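Structure first, then comments.
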Amino acid sequence: MKTLAYALGIGVALATAVSGAADAKTLRWASQGDALTLDPHAQNEGPTSTMNSQIYDALILRDKDLKKIPGLAVSWAPVEPTVWEFKLREGVTFHGGQPFNADDVVFSFERALSETSDFKNYINSVSEIRKVDDYTVQIVTDGPNPILPDQITSIRIMDQEWSQEHGVEKPQDYAGEQETYAVRNTNGTGPFILEKRDPGIETVLKVNDGWWGWDVTDAKTNVTEVVYKPIANPATRVAALLSREVDFVLDPPLQDLKRIESTPNLKVQQINQIRTIFFGLDLGRDELRNSDVTGKNPFQDPKVREAMYRAIDIETIQRKTMRGLSFPAGIITSPGVNGYTEALDERMAFDPDQAKALLAEAGYPDGFGVQLDCPNDRYNNDEAICQATVGMLAKIGIKVNLNATPKSIHFKSLQNKESDFYMLGWGVPTLDSHYVFSYLAASEGSWNFTGFSDARLDELTKAMEVETDAAKRDAMIAEAWDILKASNAYLPLHHQVIAWGMSDGLELPIVPNDSPSFRMAQMR
Amino acid sequence: MVAFILRRLIQSLFVMFFVALVSFSMFRFVGDPVHQMVGIETSLEEREALREKLGLRDPVIVQFGNYIAKAAVLEFGVSYQHKRPVAEMLAERMPATLELALVSAVFSLLIGVPMGVYTGLNRDGFFSKMFLSISLVGISLPTFLIGILLIFVFSVQLNWLPSFGRGGVVDLGGWTTSFLTVDGWKSLILPSITLGLFQLTLIMRLVRSEMLEVLRTDYIKFARARGLSNRAVHFGHALKNTLVPVITITGLQLGSIIAFAIITETVFQWPGMGQMFLQAVTTVDIPIMAAYLMLIAFFFVVINLIVDMLYYVVDPRLRVDTGKATGHG
């Protein structure tokens, strides 16, 4: 028995070695953390979505500039203010051979709306989804929703029959004691087919030669196989790239980019990420929690906020702390988001003398003491940025006590509203400014820990939710940005930069959402 | 002997109970698991509902009680992040850790003991001095640095050995092994050296000092007087008598090798339990953390027990003593 097992083992090892040698082009890549699950509706988390988007398609896809392009839907338009109609692509089949039609779309949306789905908040405006005929569906929303097409780019389509056959009509619940079939098995319509899934160790995808999108959305890739291995330690990840054990590293540490670039046959690609880093100031309370100022809240004075803004030397942070890998920001959202303009992104000038004068005018000629809460494992060089800021604010007399903690503690204290002065970064999955206002600026925004509240901005936020006229809506967004920017409730720092390290022979367009699409890859 | 083992087992249960208690009281400070589980769009009410569902709003002592009750029937819950049974996940990861620990332990013994004997016998030899100086490096350099250095030299510069992962593994009915493929062995070299280097130097220095001590004793002089060969004196008499402390230390170190494999596993992306634990810490996956700590405590307890029993085998005096004690009632 033992000998048989040995023989089998060696046989298997040989077989894999031989089959790999054909004219197959294998793209091996690594990043810090593996997908948590392959169930496309169970976890709304970066690495999970990246992996699932290779296997499952959505009705609408995004190209390398993040523009919406037809996916499983060939066209879409509102037929009534609250009804969007989608014409579906014909002749598409799932990896398991089942034909794709309207039933699958209705099923998938209902699944994504179910209690255990992690995507229900993306589409919580959807009240009904109905099949008109085999290749037409209508999505009914509880009010006009101009950005529904943006929201549904994250909703991936599963096969109804397959899901029913394997008992995975609902995403898995935390209460479930066993993993469901969909966690490690897939059946999508996407450009790659799951070949092997070993969570945390290795995931192998092979190209779907019959994908509908070849020469429709993208030229056919010459990659035949994509092998993913998570490597948690950043130094090891870079070593694996330098020693050519992988062709592509999604998240090389910033300090190693020069090393990668200077290595022959390796290159680095950079782009601004859809994520902006900023400080929030709690101006809602009458007295700060951790400050030597009692009886009043210095942040309530606009002069104090402006002074703090002007005291931050963002150029130095960019040059020294970020090693050039950041774009200084004037508002808290990034290029690529609807509503962003270069004019808005202009910063107030760095001017410590004026900052000191402003503080004196506000009644704090000798400054005051305050605590800054910072994560130390969430954003690029987060703690170092805060340390730099502490020094800069000290120059105008504000004595900052830095409290840097892991993200699991930082975000908990934010949500418990325990912070006076904190660092936060914000990405925008819908690529629309409304997302920023509704979470960060509206009085009721669930991530607005500043206590900032403006009646006009609240009104605009509500109105842009239902305004379908693009020009009118853009005017509202512009007005809202002016209000928020003038308030200085948030002190913007910079837009984060993402950098991918890869071999020279790999052509893979970098995208600001940090999610590679291997359908666009070409290898030499 | 049976009474001894039983007593030890009962002690072990207490140890594990305390490990569970201490780790549980620490979990309150590692942060909010719910934040890691849901997207930013999730409302505060939904977060509260999830906390309620996971029992995170109960007092710590109630959570602890529930946990112990389940652990007693070997139920360790479901991972928050992966939504899979923790016992199953640990079982999947255990072979990688145990194989790595085993190879490093064997490596450190096979090299460490001869080096210790050599340096003990030739105190002033050139090689002895060299070994001792090199061993300082092994003791003083942190594991992750050794790992990175080895990767830099052997993977990046020379391109001889893989920098990460287990290479080719063969699944033998649930136990994945890297012992059966060349690739697997190649992948084992760097991590096991990294993990074993500290133990190697420890064993070498221990054997050396024990040898120096033993060589001064009367029975060695007597053995020489009897005209025994050097070989018989050194290995038959001296080395054998140094083994009791070496076994103790090696045994206890095997426990630490398994436990401290965390760092080596992370550096080499070795898919073992330690790496899973570290990931669980960053995502506040309490079920994994708790089960892992319990398991490591269990390993320590079992290894201790085995070490105690090995004394009986190696040291005849212990057997005689107990014999006497029972004899006199």
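Quick note on labels: first sequence line is chain A, next is B, and so on, each numbered from 1. Small disclaimer: the values here were computed from a predicted structure and weren't measured.
- Proximity to chain B is limited to the side chain of A/I201, based on heavy atoms less than 4.5 angstrom apart.
- Note that OG1 of B/T282 is 7.0 Å distant from CD of A/Q32, once rounded to the nearest 0.5 Å.
- When all heavy atoms of A/S243 and B/S155 are compared, the closest pair comes out as CB-O, 3.3 Å.
- For the pair A/N233 and B/F268, the minimum side-chain heavy-atom distance is 4.5 Å or more.
- Side-chain atoms of B/R166 and A/E202, non-hydrogen and from C-beta on, never get closer than 4.5 Å to each other.
- Atom CZ of B/F164 sits about 3.5 Å away from atom CD1 of A/I231, to the nearest 0.5 Å.
- For CH2 of B/W175, the number of neighbouring non-hydrogen atoms (other residues, nucleotides, ligands) closer than 6.0 Å is greater than 12.
- Contact detail for A/P199 and B/R84: the closest heavy-atom pair is CG-NH1, 4.4 Å.
- For chain B, the nearby parts of A/P230 are the backbone and the side chain; heavy atoms of each come within less than 4.5 Å.
- Nearest approach of B/R93 to A/G200, heavy atoms of both residues: NH2-CA, 4.0 Å.
- Annotation: the span from A/E245 atom CD to B/I151 atom CD1 amounts to 8.5 Å, rounded to 0.5 Å.
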Would you give me the side-chain donor-acceptor pairs under 3.5 Å for residues 137-150 of chain B, sequence neighbours excluded?
residue, atom, partner, partner atom, Å
B/S140, OG, B/L136, O, 2.5

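- Annotation: maximal heavy-atom pairing with chain B below 4.5 Å, among A/S413, A/S438, A/A239, occurs at A/A239.
- Other residues, nucleotides and ligands contribute over 12 non-hydrogen atoms within 6.0 Å of the CZ atom of B/F64.
- Side chain of B/Q269 to main chain of A/A232: a donor-acceptor pair is present (N/O by atom type, distance under 3.5 Å, no hydrogens or angles).
- Listed options B/T266, B/V284, B/V267 were ranked by heavy-atom pairs under 4.5 angstrom with chain A; first place goes to B/V267.
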